[in-house]
Every structure is written in C-alpha cells, then in structure tokens.
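Written out below as structure tokens is the structure these notes cover.
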Amino acid sequence: MTTELRRLRNFIDGEFRDAADGRTTEVVNPATGEAYATAPLSGAADVDAAMAAAEAAFPAWRDLVPGERQKVLLKIADAFEARAEELIAAESENTGKPVALTRSEEVPPMVDQIRFFAGAARMLEGRSAGEYMEGLTSIIRREPIGVCAQVAPWNYPMMMAVWKFAPALAAGNTVVLKPSDTTPASTVLIAEIIGGVLEELGHPKGVFNVICGDRETGRLMVEHPVPAMASITGSVRAGMQVAESASKDLKRVHLELGGKAPVVVFDDADIAKAVEDISVAGYFNAGQDCTAATRVLVHESIHDEFVTALAKAAAETKTGQPDDEDVLYGPLNNANQLKQVAGFIERLPGHAKLEAGGHRVGEKGYFFAPTVVSGLEQDDEIIQHEVFGPVITVQSFADEDQAVAYANGVEYALASSVWTKDHGRAMRMSKKLDFGCVWINTHIPLVAEMPHGGFKKSGYGKDLSAYGFEDYTRVKHVMTSLD
C-alpha cells in the first residue's frame, strides 16, 4: 500500500497555487530517507506571478506609517506562538531535527526576532536636518528598497525565513521568498500564517509570497527585473552565482555564506568547560551551521589532554530520531550531504588520526556519528573547506602569533571564539581575528540586537540587529532652499 504524499503549494498574492506547468519535486524526511510530500518546481511563469504580486503590493505597504507595519509584525509573532506546535512538527519533518530542541532553541528566538524588528520598524529615520551650505537645509530619508528576492537555506529553514522576511517587511519592502528544495514545508506554513495576518488586518495580499523550487528557480528570481535586492543564505558557490546574476542589472545583494569558525583554546582555559561547550556548539544541528565550533586550535601544552576529553564527549553525544528527547542532533539534511561528510573522512591524509566517530549511524535516514579528527595540518582539505557535518577537527599551535595565522588562514571569515582567562590576550585576539564575530569563552549564542555576518568568502551584509535592518533600506538626500 502506497501512502499518498502531502501536496505543498506556492503562496502567491494570498493564494496557494501549484506550479503553472504542474511540475513537482519530492520532499524527503532525512530521518527516514523517505518522501513525505511534493512541492512545486516553480518556473518563469510562477516567478513572474510572484514578482508581479509583490510589486503591486509595494506602494501601499511602503506608504504605511511604521506603527502600522509594527502591528502586523507583532501579530505575526503572536500567531507564530499560537501555532508553535504546527511549526515545530513541520520543521522536524523538514529536517529531522529533535522536536524538543526545535521547541526550546528555535521557536522562542524566532518570535523574539520578529518582535525586535517590529520595534525597529518605528526607528526608520535619517539624520537630523542641518545647513551645510548657506540658505539650504539638508535632510536624510531612509526608505525601503522595493521588492526583495530572498533565498533561505536548508539547515535552519524556519529560522532563516524569519531572518529574511522580518527586517524586509519592517522596513517597508515586499518579499518573494524561496525555501530550499529539500525543506519547503515550514516555509509554506509560515506563508499561511503571514497571509492570514495580512488578510485579517486588510493589507495587500502580495506583501509576502513564497515560491518553491530548485537552483534554477532561484536564478530566475535573482535575474528577474522587478526585485531591487537579492538576499541569500547558502553556500559560497551559490552566493557567487547570485552576485554574478544580480550584477546584470546592478541589484543590491545581501550574502550570508559559509564559515569555518576557528575555536582557539589557550593553555589557561578551563578545559572541562571548554570541551563541554565546544562539543555542543560543534555537534548542534549535526554541525550544519556556518558558525559551528568545528575547527579547534589548541595550545600544544594541553593538546593531548584536550583531545582525549573531546573524544570522550563525542562518544557520549547522541544522535537519533526527532522524538527522542535524549539526542543532541538529528540527521544530515539529505543524501548528498551525507555523501559529502563521509567523503571528507574517507579522504583524510595519512597523518590525520580519527579519535572518535567517522561513520554513518544506522541504515535508515542520514545520520552520522559525532566525529573528532586530530593530527591535522593547515593546508589539509578538511581544515580549508567547510564540512557542514558533525565533525570537529583539532590542530595544535605554539604561541599566539601561530594561533592567529592558523585561525585566519582560511577563505571564510564569519565567526570565531577564544578560550582564555587572560583578558588582555582575549582583547588582542578579538582585534586580530578576521571574522565578523568573536566569542570569548563561549561559542554560538546569538541575540536579535547584535549583528551576524562575515567577511571574505563568508559574504557581506548583516542579519539581525539595527545593522541588518538598515541593509533593507536606501538612503536619500533631500535639500531644500530656505529662500
């Protein structure tokens, strides 16, 4: 007996629709490896329809006073809370994530972030007026950009949708959002929730639109003439393609890409605390986090002790099914990702030592064991490239200068951490580390009020905070004669 697959649909101008040409893709639950739904494989006609809806809705949404947009976002946050269990169920099926951790670690910050940007909506202001030339007064206006084409990733599909739409809507833009082709379910549910709020409050239906599809759908969105901005969270390769496509008509681009976060542990660090915190920050979400604590640099005097403790922590870390409350993380997102992570382990150089894990767990789903690899050198593939899996690598360093050189010696520059009791050393390292975020004696906490974004091949632009909000605005100078 064949179970009928659930049918997910695009959300365009307040209506759920199939792809214009009827094409679909199967959506697989990574905890089982089995398909549970179909989603539209959107083409040019679907992109055109979504962009037309967002473009038509933009003038009225732009011209609302900020307090009115705030009311919408606060209502959305309330609706997210009211329907939290539905969102959690959709996200768990999307990703295989533990239900308990999705409930405690994702929904509360999502709601908080929407409420933060609801407040930011009322702070959309320019500099105060002034006279910089005799007889003339200048003012600065901050205005919404227009229609935003947004592409969210599969590692945090629900959370990243919030990071995209909340600042964009708060600033007065309208949105066409595409989830990853492997994780559309929670985003389609978000569209239902936001669409209901917009309808209830009498706002244009095209303010928020969701279209499902693959990389080609994303390319069509970015190259479409309507959007004034393209925003993507994804791989470096995808970001470079978006930047190239957007350059054809000089769209503004916002890129949050890969990471290879160095975790620098000095000889005076509290080893037990560092190992406990780093193992959680490395294995959380199966290491599928561009800020994950998966590249550890340890002072040579404590290297062996640290590795032994970390391998023990890995052995005690559990992965398993979403309904198991005793697991830290679930499966890798898809079969290709499982193959990629396993490939890094299979290609380890002879001088590397596998301290823990390094293998698939079970035959069902895409689970991979908590892994620790030591004995690595700076130019090894697994040091230079993002694994995006539950694999923590360990290198040793002799002094502060070498630690900085190793830490900065990759193409990514998103996040980093320093573990030391020496305040002066921590401050020196925070200055020298070429990363958009430096945590000290912790790793991975994020708050709505502080920016998240990197340098180098980790992209440009900020998520969260007032800086992220400003990314969704443009600056206009208005000068008036006093005569």
Side-chain angles (χ1 to χ4, degrees), residues 153 155 232-241 243 255-266 274 278 281-300 303 306-307 310 337 340-341 343-345 347-349 351-353 371-420 428-440 443-444 452-463:
N155 59 331
I232 177 176
T233 299
S235 68
V236 173
R237 181 183 67 174
M240 294 173 73
Q241 291 171 344
L255 302 175
E256 200 274 278
L257 309 178
K260 195 69 181 171
V263 181
V264 186
V265 183
F266 284 95
I278 290 166
Y283 296 134
F284 188 83
N285 201 38
Q288 297 171 125
D289 189 316
C290 45
T291 64
T294 54
R295 182 168 66 105
V296 180
L297 309 172
V298 184
H299 191 271
E300 59 188 12
H303 173 271
F306 185 93
V307 169
L310 185 61
Q337 191 61 23
Q340 175 174 307
V341 173
F344 274 99
I345 302 303
R347 295 188 300 273
L348 283 173
H351 53 262
K353 182 180 180 183
T371 300
V372 177
V373 184
S374 67
L376 293 161
E377 298 175 359
Q378 184 67 14
D379 59 356
D380 288 337
E381 176 198 31
I382 200 168
I383 296 297
Q384 291 296 319
H385 298 283
E386 189 172 33
V387 178
F388 225 55
V391 179
I392 298 178
T393 63
V394 185
Q395 299 167 263
S396 67
F397 65 86
D399 55 33
E400 195 173 307
D401 288 342
Q402 189 175 53
V404 171
Y406 283 175
N408 290 341
V410 296
E411 293 183 324
Y412 304 90
L414 182 58
S416 59
S417 64
V418 179
W419 300 75
T420 180
R428 289 193 302 273
M429 290 296 292
S430 68
K431 178 181 178 181
K432 293 176 182 178
L433 287 171
D434 189 20
F435 294 83
C437 174
V438 181
W439 287 293
I440 298 172
H443 193 106
I444 228 167
H452 176 79
F455 315 133
K456 292 162 52 176
K457 285 192 175 179
S458 289
Y460 43 81
K462 298 296 182 183
D463 289 312

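Taken to the nearest 0.5 Å, the NZ atom of Lys456 stands 13.5 Å off from the NZ atom of Lys260. Between His351 atom NE2 and Asp380 atom CG the span is 3.5 Å, to the nearest 0.5 Å. One finds the OG1 atom of Thr420 at 9.5 Å from the CE atom of Met429 (value rounded to the nearest 0.5 Å). Of the inter-residue distances, the one linking Ser417 atom OG with Ile440 atom CD1 reads 9.5 Å to the nearest 0.5 angstrom. Here OG of Ser374 is found 11.0 Å from CD of Gln395. Values are rounded to the nearest 0.5 Å.
Listed for the His452 side chain is no donor-acceptor partner under 3.5 Å among the backbone atoms of Cys437. For the pair Tyr283 (side chain) and Ala292 (backbone), a donor-acceptor distance under 3.5 Å is absent. Counting only distance, with no hydrogens or angles, the side chain of Asp399 and the backbone of Asp401 share a donor-acceptor pair below 3.5 Å. Listed for the Glu411 side chain is no donor-acceptor partner under 3.5 Å among the backbone atoms of His385. Judged by distance alone, the side chain of Gln384 and the main-chain N or O of Gln378 form a donor-acceptor pair under 3.5 Å. Between the Ser458 side chain and the Ala413 main chain, a donor and an acceptor come within less than 3.5 Å of each other. A donor-acceptor pair under 3.5 Å is formed between the side chain of Asn285 and the backbone N or O of Gln288. Side-chain atoms of Asp289 do not come within 3.5 Å of backbone N or O of Phe284 as any donor-acceptor pair. Of the possible donor and acceptor atoms, one in the side chain of Thr393 sits under 3.5 Å from a partner among the backbone N and O of Thr294.
The side chain to side chain contact (heavy atoms under 4.5 Å, CB included) search around Glu386 returns Cys290, Phe388, Tyr412, not counting sequence neighbours. Here Asn408 pairs with Val404, Leu433, Asp434, Phe435 under the side chain to side chain contact (heavy atoms under 4.5 Å, CB included) rule; sequence neighbours left out.
Of the N and O atoms on the side chains of His303 and Ser396, not one donor lies less than 3.5 Å from an acceptor on the other residue.
Looking only at side-chain heavy atoms (C-beta outward), Val298 and Val307 stay at 4.5 Å or farther from each other. Residues Gln337 and Gln340 form a side-chain contact, since some pair of their non-hydrogen atoms from C-beta on lies under 4.5 Å apart. At least one side-chain heavy atom of Ile278 sits under 4.5 Å from a side-chain heavy atom of Phe306. Counting heavy atoms from C-beta on, the side chains of Ile345 and Val373 come closer than 4.5 Å.
Between Phe266 and Val418, the shortest heavy-atom distance links the atoms CE1-CG1, 3.9 Å. Contact between Val410 and Arg295 at its shortest, heavy atoms only, is CG2-NH2, 3.5 Å. Across every non-hydrogen atom of Ile232 and Ala238, the tightest pair is CD1-CB, 3.9 Å. When all heavy atoms of Ala243 and Leu255 are compared, the closest pair comes out as CB-CD1, 4.3 Å. Scanning all heavy atoms of the two residues, the minimum distance from Leu376 to Ala352 falls at CD2-CB, 3.7 Å. Across all non-hydrogen atoms, the minimal contact from Phe397 to Leu297 is CE2-O, 3.3 Å.
Checking each of Leu310, Val265, Val263 against Val394 for a side chain to side chain contact (heavy atoms under 4.5 Å, CB included) leaves exactly one that passes, namely Leu310.
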Problem - Evaluation steps, side chain to side chain contact (heavy atoms under 4.5 Å, CB included), between Val438 and Lys431 - result: CA-CA 9 Å; Val438 181; Lys431 178 181 178 181; over 6 Å; no
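Surrounding NZ of Lys457 are at most 12 heavy atoms belonging to other residues, nucleotides or ligands under 6.0 Å away.
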